[in-house]
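Along the sequence shown, the residues carry numbers beginning at 1.
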Amino acid sequence: MLNRILTKKPNQKSFKGIFMLVLMLFFIQIAWAQNDEQSSDSKAQSSYPDLQPAGFVQSYFSASDMAADPVNFSIARARMGVKGNISENIKLSFIGGAVEPPNNSPALVNAFADFTIHPLFNIRAGQFLMPFGLEGPEPIIKNPAINRARPTKQLNTLRMFRDIGVMTYGKYEFISYSIAVINGNGANVTENRYQKDVLGRLDFSLTDDLMAGVSGHLGTFESDPYKKLSRQRWGAHAEYKSNPFHFRGEIMLHDRELNPDTRNQDVGGYLLGKYKIDEKWEAIGRWDYHAPDNVNDIYQGVTLGTNYQLSGLSSLSLNGVAYSEYNTSTVNYMLRIQLQLVL
């Protein structure tokens with residue numbers, strides 16, 4: 001047996017896996033070394049670890065003219081955990097959810113560490129939000145509307161907009177980037193495939209107020225009876241912030257194989273505007289659409305609402321939504337009220 005083990009030739013997958021592990025350990029070692037050097041040079045620095053509790057609760061009320069769900073009270077999300085520095089240049093985020101969509105079940109939300117090495121090159125490893133578009137990687141408590149736009153949710157392929165993997169990110173002058181290599185199955189999903197997905201986002205700060213960028217996602221997925229079908233997502237986004245105005249928009253495309261001979265392509269996008277009335281009140285408006293392949297009428301929605309800032313990111317929000325579903329011209333209406341309390 002020992003002879004068979006010693007004479008067995010490693011396959012290509014083993015070499016690639018070992019190489020990725022060694023590369024990660026190398027950069028983590030750099031981060032630790034940099035931290036030790038900074039610690040020895042600065043005697044007056046704060047003690048570590050410096051972790052703080054973090055969490056929020058979103059209480060939700062909705063009323064709709066749809067007979068299946070006319071009135072509903074619910075807890076949309078309830079999360080609690082810790083985040084902060086465990087050393088000079090290593091940050092930790094560990095957040096769990098007691099209630100998480102879409103099934104209102106407990107789930108691990110964030111579990112990652114940031115290794116800040118250099119403005120041009122940093123590493124994040126664990127389970128985290130994916131770098132695709134604007135709304136996807138933005139924490140939901142910062143979204144101007146109560147919910148993300150329909151196309152953002154429908155064209156997302158990863159559970160909770162998160163996955164497990166490693167990401168590098170950095171900034172040089174007016175350009176910033178993020179590149180992630182992930183399992184490809186979404187948050188809290190076990191992985192039994194060798195193939196990995198790759199996502200990336202590139203942003204350009206055109207002025208102090210205007211930013212534009214592009215995103216991409218290349219990968220594979222399983223759908224019985226097929227074990228390896230290709231998929232790709234592409235997106236472009238722009239954002240303008242100049243008090244009291246805030247505008248942003250995205251357009252996205254999702255192209256995937258249904259079987260080796262057939263492909264499916266969906267497109268969608270949104271435009272959102274926010275106006276800060278005073279220190280407490282703001283008004284928001286959004287138009288969004290989603291056009292799946294092979295539908296006669298696409299989804300379109302208009303959201304109008306107000307946000308009242310209680311303290312920090314805590315807020316009371318009201319959104320009115322008028323929308324038409326797929327394959328129908330009927331307009332439906334929904335009222336949403338959310339109380340968001342953030343630590």
Side-chain angles (χ1 to χ4, degrees), residues 17-56 79-97 107-132 134 136-142 160-183 187-188 196 198-205 208 211 213 215 239 241 311-314 342-343:
I18 293 171
F19 175 76
M20 290 183 64
L21 178 60
V22 170
L23 189 65
M24 282 185 60
L25 291 175
F26 172 74
F27 286 117
I28 291 173
Q29 176 62 29
I30 292 176
W32 277 112
Q34 180 180 348
N35 175 69
D36 291 340
E37 181 179 344
Q38 291 172 345
S39 298
S40 61
D41 293 341
S42 179
K43 302 297 183 182
Q45 68 177 0
S46 302
S47 60
Y48 296 103
D50 182 17
L51 299 175
Q52 301 296 327
F56 66 89
R79 297 176 181 174
M80 189 68 190
V82 295
K83 63 179 182 180
N85 284 68
I86 61 174
S87 69
E88 180 71 18
N89 63 327
I90 300 178
K91 298 179 181 179
L92 175 70
S93 177
F94 185 83
I95 305 292
L108 178 64
V109 180
N110 290 339
F112 65 85
D114 279 307
F115 302 88
T116 55
I117 300 169
H118 188 276
L120 290 174
F121 184 83
N122 303 281
I123 295 177
R124 175 172 293 180
Q127 178 170 291
F128 50 88
L129 286 163
M130 293 296 101
F132 186 94
L134 291 175
E138 179 182 65
I140 190 63
I141 57 175
K142 296 182 178 181
M160 298 171 64
F161 293 88
R162 293 166 170 83
D163 208 331
I164 303 170
V166 61
M167 179 175 74
T168 63
Y169 60 97
K171 184 175 183 179
Y172 177 71
E173 294 185 351
F174 67 96
I175 301 174
S176 60
Y177 76 93
S178 301
I179 301 174
V181 180
I182 60 170
N183 283 337
N188 305 311
K196 303 301 174 189
V198 178
L199 294 92
R201 172 175 150 173
L202 189 63
D203 292 332
F204 303 90
S205 298
D208 291 340
M211 179 271 286
S215 302
E239 186 168 40
K241 289 183 178 181
S311 176
L313 291 174
S314 297
V342 183
L343 284 180

Please check this pair: side chain of Gln127 against backbone of Leu108, looking for a donor-acceptor N/O pair closer than 3.5 Å.
yes
How about Asp203 and Ile175: do any of their side-chain heavy atoms sit closer than 4.5 Å?
no
Got Ile179 and Arg201 here, is their nearest side-chain heavy-atom distance under 4.5 Å?
no
When you compare the side chain of Leu51 with that of Lys83, does any pair of heavy atoms fall below 4.5 Å?
no
Answer yes or no: is there a donor N or O on one side and an acceptor on the other, between the side chain of Asn110 and the main chain of Phe128, under 3.5 Å?
no
Got Thr168 and Tyr177 here, is their nearest side-chain heavy-atom distance under 4.5 Å?
yes
Can you tell me how far apart CG (Leu129) and OG (Ser93) are? Round to the nearest 0.5 Å.
9.0 Å
Least distance between heavy atoms, Arg162 atom then Val109 atom:
CD-O, 3.1 Å
If every non-hydrogen atom of Pro53 is compared with every non-hydrogen atom of Met80, which pair is closest and at what distance?
CB-CE, 3.8 Å
Applied to residues 111-121, the salt bridge (charged side-chain N to carboxylate O under 4.0 Å, His left out) test, sequence neighbours excluded, yields Asp114-Arg124
Just by modelled atom types, is the Val342 backbone N or O under 3.5 Å from a matching donor or acceptor in the Ser314 side chain?
yes
Flag if over 12 foreign heavy atoms under 6.0 Å of CZ, Phe94
no
Rounded to the nearest 0.5 Å, how far apart are CG of Leu343 and CZ of Arg79?
13.5 Å
Under the side chain to side chain contact (heavy atoms under 4.5 Å, CB included) test, residues paired with Pro119 that sit two or more places apart
none
Under 4.5 Å between any side-chain heavy atoms of Pro131 and Met167, yes or no?
yes
CZ on Phe56 to CG on Leu313, rounded to 0.5 Å
10.0 Å
Side-chain contact test, heavy atoms from C-beta onward, threshold under 4.5 Å: evaluate it for Met130 versus Asp163 and give yes or no.
yes
OH-NE2 distance between Tyr172 and His118, expressed to the nearest 0.5 angstrom
10.5 Å
Could you check if a side-chain atom of Ile86 sits within less than 4.5 angstrom of a side-chain atom of Lys91, using non-hydrogen atoms only?
no
Non-hydrogen side-chain atoms of Leu134 and Met211 separated by less than 4.5 Å:
yes
May I ask you to decide if Asn89's main-chain N or O and Thr116's side chain share a donor-acceptor pair within less than 3.5 Å?
yes
Positive for side-chain contact (heavy atoms from CB on, under 4.5 Å) with Phe132, one of Pro137, Ser178, Ser215:
Ser215
Test side chain to side chain contact (heavy atoms under 4.5 Å, CB included) on Asn183 and Lys196 and set out the steps.
CA-CA 5 Å; Asn183 283 337; Lys196 303 301 174 189; 3.1 Å; yes
